[in-house]
Amino acid sequence: YYTKFLFSNHIGLGTLIPTASYSIPLIFSGVNFFTTKRLKNKGFLFFMSKTVNMGVKAMKKKLIFILFAVALMLFTAMGVYASEYRSEIGVGLRYGPSSGDSATFSSNGGINVYNAADGSLLYAAQSGEELYVQMGSTGFAAAGKFDGSGIPSISLQPQNGSVIICDGKPYRGYIYLERRANGELLLINYVGTDDYVTSVLGKEMSYSWPIEALKAQAVCARNFVLCRGNVHKGYGFDVCATTHCQVYGGAESEHENTRRAVNETKGILAKYNGQIVALYFFATSSGKTESVENVWGSPYGYLKSVDDSY
């Protein structure tokens, strides 16, 4: 069974909505509710679903509640607002001291390798051709393919709508490589926001869970990444691919159900006072969340304590 709700422009926490057989704790108060019949002519921002009587204990424990209070990162670094929607997300796949100095690429549609600085073509790999790209002291090269000495950043773009295989894993979008001033390798996957969210859903939830739960998480993941951009600013990308941000698995974690959830919530964002807000989520709350000012110091109108009886 599912209960949908939507809200307009005031978000808070703590409301309970009773139904015939149970009450679902919602994480909003002061909410404007609309009936399903009015759904089509309301520019609604968000809906949430709750699955009950699943009969599977593990699923009940792991079902991710869309709550706005606790996260395992510094609030000041995170940011709770985003001013605009971005159609492309930069995901840091490798960075820092342990990033290595090489990577292997291929694509069924072929790969064009460009100098990222001026856009000049360095090499055009054929369909299925493997590129072993090595970082040197001044740039990148692939033995027998191209020599990018003196070129500190390159982009690898798959052709004909194909995905790019990076070290055995498929990714949509394209790959950016940079030799940083300190000699470290930086490897970023630039991908469309909805493709990114589709992949995240397959990692943060099970694709077999009810579609309404997946749709709620899709909105949460979309909002979260749009507010996350300053955390890895020093490296030049928006989010990493781990639990430090949101788990991202590239194209291999996509599923028709996660794609459907993203498509059916396309363009839907949660806003507070006209700004896109960070939607925090986690797997378990121990029964109650905390108001944000008691954790990170500053109060925000939509980050208030709520009971969680589930």
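Everything numeric here is computed off the predicted structure, so don't read it as measured data. Residue numbers start at 1 and run along the sequence shown.
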Next on the checklist: Pair Y132, S102 - check side-chain contact (heavy atoms from CB on, under 4.5 Å), show working.
Outcome noted: CA-CA 7 Å; Y132 176 70; S102 63; 3.2 Å; yes
Checklist entry - Passes side-chain contact (heavy atoms from CB on, under 4.5 Å), V133 versus L177? Steps please. => result CA-CA 10 Å; V133 179; L177 293 175; 3.9 Å; yes
Item to check | Evaluation steps, side-chain contact (heavy atoms from CB on, under 4.5 Å), between Y300 and V277 | outcome: CA-CA 10 Å; Y300 286 88; V277 293; over 6 Å; no
Checklist entry - How far apart are the C-alpha atoms of R94 and L186, what are their side-chain angles, what is the distance that settles it, and do they pass the side-chain contact (heavy atoms from CB on, under 4.5 Å) test? => result CA-CA 6 Å; R94 282 206 256 158; L186 175 62; over 6 Å; no
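Environment of CD in Q126: sparse, with no more than 12 heavy atoms of neighbouring residues, nucleotides or ligands closer than 6.0 Å. Open room surrounds OH on Y207; 12 or fewer heavy atoms of other groups in view lie less than 6.0 Å from it.
Under the rule for a salt bridge (Lys or Arg N to Asp or Glu O under 4.0 Å), K233 has no partner lying at least two apart in sequence or in another chain. A search for salt bridge (Lys or Arg N to Asp or Glu O under 4.0 Å) contacts involving E88 returns nothing, not counting sequence neighbours. Among residues two or more places apart in sequence or in another chain, the salt bridge (Lys or Arg N to Asp or Glu O under 4.0 Å) test is passed with E178 by none. Residues forming a salt bridge (Lys or Arg N to Asp or Glu O under 4.0 Å) with R260 (at least two apart in sequence, or on another chain): E264.
Between R259 and D195 a salt bridge is recorded (basic side-chain N to carboxylate O distance below 4.0 Å). Under 4.0 Å is where a charged nitrogen must lie from a carboxylate oxygen, and between K266 and D194 at least one such pair does. With respect to the salt-bridge test (charged N to carboxylate O, under 4.0 angstrom), the residues R179 and D101 do not qualify.
In this structure, V163 shares a hydrophobic cluster with I165, the cluster being traced through Ile, Leu, Val, Met, Phe, Trp and Tyr side chains under 4.5 angstrom apart.
Of all the heavy atoms in A251 and R172, the pair that sits closest is CB-CG, 4.3 Å.
Under the 3.5 Å distance criterion, with hydrogens and angles disregarded, a donor-acceptor pair is assigned to the side chains of S285 and D308. Neither side chain, T198 nor T258, offers a donor N or O lying under 3.5 Å from an acceptor on the other.
For F237 and Y95, the distance between ring centers is under 6.0 angstrom.
Classified by interplanar angle (parallel below 30°, tilted 30° to 60°, perpendicular above 60°), the ring pair Y174/Y190 is parallel.
Distance check: L201 CG to Q246 CD gives 9.0 Å after rounding to the nearest 0.5 Å.
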List the atom pairs, with distances to 0.1 Å, where a side-chain N or O of residues 135-145 and a protein N or O form a donor-acceptor pair under 3.5 Å, not counting sequence neighbours.
unit_1 : atom_1 : unit_2 : atom_2 : d
T138   : OG1    : G150   : N      : 3.0
K145   : NZ     : E129   : OE2    : 2.9

